[in-house]
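Keep in mind that this is a model prediction, so the values were computed, not measured. Sequence positions, counted from 1, serve as the residue numbers for this chain.
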Amino acid sequence: MIVRRSAAVLAVTALIGGATAPAALADDASPSASPSRAFPSALYGSTDPTYDGVWRQSLALLAQHTVGVRPAAKAVNWLTGQQCASGAFAPYRADANEKCDAKTMVDTNSTAAAVQALAALGGHDAEVGQAVRWLKDVQNKDGGWGYTAGGASDTNSTSVVIGALAAAGDEPKEQTKGEKSPYDALLALSVPCDETGGGAFAFQPDKKGALAANADATAAGVVGSLGKGFVIEAAGKASKGSAESKGSGDSKGSACASGDSFAPADAAHNGASYLAATLAKTPYLKSAMPGAKPQPDYGNTADAVVALAAAGSTSATARPLAWLEKNSGVWAAKAGPAAYAQLIFAARAAGAQPRDFGGVDLVEKLGATGPAAQKSSRDSATPAPDAKRVDHKSAFNVWWLVGVCLVAGIGIGFLLSRRNKRQQL
């Protein structure tokens with residue numbers, strides 16, 4: 001899952017002409033909360049939520065729901081209160097009583113994450129319906145989505161929106177724009193087998209149209225190509241057409257699929273094979289900043305575990321999951337609620353116990369970052385209510401144009417403090 005934290009970072013990087021995200025976006029460089037500023041008590045986490053408030057709140061609520069915890073009502077109300085009249089969500093609005101206007105920078109990732117959380121919690125059909133309508137109206141003609149509405153499609157954003165559509169009870173392949181579906185957009189971002197990094201997903205094409213393998217985008221692309229969201233069933237329940245049915249990550253079925261009949265399931269298989277091969281070398285994925293030595297990427301590794309489990313590559317999840325159990329504690333404590341949610345998603349997907357993850361109770365740790373939950377049942381997943389298909393009417397607005405300009409001009413080094421993925425070397 002993806003976790004789709006790099007979409008804004010890489011989108012901004014593209015806007016300012018850089019090839020990689022700035023060093024200040026490293027996992028250990030998250031901005032701290034200002035001692036002179038109080039953040040809402042209903043919000044998870046204590047760091048500045050300006051660029052990731054809705055994202056981390058959505059992941060926290062969804063992760064709690066996944067393990068049978070009923071989140072505090074005020075935490076859910078805070079999330080719904082962040083929605084604009086258009087249906088879109090901004091990363092954070094300090095005063096939710098003020099109406100959104102042209103200066104309110106809404107984005108697809110925050111909106112899609114909120115949809116997945118609210119759809120799972122149930123009882124929020126109106127909010128989910130409005131958000132999905134907005135997402136559909138800002139779909140690009142290639143079938144995908146960028147971080148900002150109208151921005152160039154990228155793998156991460158397209159995948160998190162696919163997860164939102166599925167969570168809302170819609171069929172992603174039926175959501176088309178210009179005769180292209182979200183899956184067409186992902187297929188176009190799958191690196192051809194005969195090129196360097198073949199089988200992986202690129203975040204976006206470069207200026208010359210070339211595709212470069214990106215581990216973060218690959219983890220997102222695998223999940224998106226399978227029509228899934230953040231929450232994946234425990235390993236061993238491979239879906240039809242899944243990568244493990246083709247042997248992804250295992251011996252004889254790991255060949256890169258290609259040909260005229262290349263389909264989303266093939267792209268997922270290829271992406272899972274790429275991740276499995278990478279994790280066979282080291283049990284974790286790496287990322288690096290300009291001039292810095294590559295470092296373990298805990299969040300991307302957790303996302304890769306989810307992707308491999310979604311693809312049915314159960315055997316390939318063992319080493320990275322064990323590595324996370326042993327090594328992710330310090331990172332998660334510093335990174336906060338979204339990090340604990342990622343680890344919970346990874347543990348659940350791979351069949352591990354979130355309440356005993358290397359001796360750590362991830363559910364308790366997550367809960368301690370926000371308001372007290374209403375009740376819990378120890379690590380027994382509560383099934384989400386059946387999603388209802390809603391009539392999505394037009395809700396397009398042009399705020400995204402101003403948003404794109406704002407993104408390029410704001411403090412790039414602090415953008416998305418909890419969603420800071422870098423290109424994998």
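- Side-chain atoms of Asp170 and Gln175 include no donor-acceptor pair closer than 3.5 Å.
- In this structure, a donor-acceptor pair under 3.5 Å is absent between the side chains of Asn77 and Thr80.
- Shown here is Lys177, whose NZ atom has more than 12 heavy atoms of other residues, nucleotides or ligands within 6.0 Å.
- The side-chain heavy atoms of Ser313 and Leu275, taken from C-beta on, include no pair separated by under 4.5 Å.
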* Asked: Hey, mind stepping through Asp154 and Ser157 against side-chain hydrogen bond (donor to acceptor under 3.5 Å, both in side chains) and telling me if it holds?
  -> CA-CA 6 Å; Asp154 66 74; Ser157 298; 2.9 Å; yes
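- Judged by distance alone, with hydrogens and angles left aside, the side-chain atoms of His65 form a donor-acceptor pair with the main-chain N or O of Ala120 at under 3.5 Å.
- Trp55 and Phe230 have their aromatic ring centers within a separation under 6.0 angstrom.
- Between Trp323 and Tyr298, the distance from one ring center to the other falls under 6.0 angstrom.
- Inspection of the Ser110 and Asp107 side chains reveals an N or O donor paired with an N or O acceptor under 3.5 Å.
- Of the N and O atoms on the side chains of Thr47 and Arg56, at least one donor lies less than 3.5 Å from an acceptor on the other residue.
- Residues Arg93 and Thr104 form a side-chain contact, since some pair of their non-hydrogen atoms from C-beta on lies under 4.5 Å apart.
- In this structure Ala347 satisfies the side-chain contact (heavy atoms from CB on, under 4.5 Å) test together with Ala352, Pro354, Phe357, sequence neighbours excluded.
- A donor-acceptor pair is defined here as one N or O able to donate and one able to accept, closer than 3.5 Å; no such pair exists between the side chain of Asn300 and the backbone of Asp297.
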* To do: Could you walk me through whether Asp216 and Asn156 pass side-chain hydrogen bond (donor to acceptor under 3.5 Å, both in side chains), step by step?
  => CA-CA 8 Å; Asp216 178 36; Asn156 298 60; 3.1 Å; yes
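- In terms of heavy atoms, Pro182 sits closest to Thr158 at O-CG2, 3.8 Å.
- Ser153 and Asn140 make their closest contact through OG-ND2, 2.9 Å (heavy atoms, listed as atom of the first residue, atom of the second, distance).
- When atom types are taken as modelled, the side chain of His269 and the backbone of Ala255 share a donor-acceptor pair closer than 3.5 angstrom.
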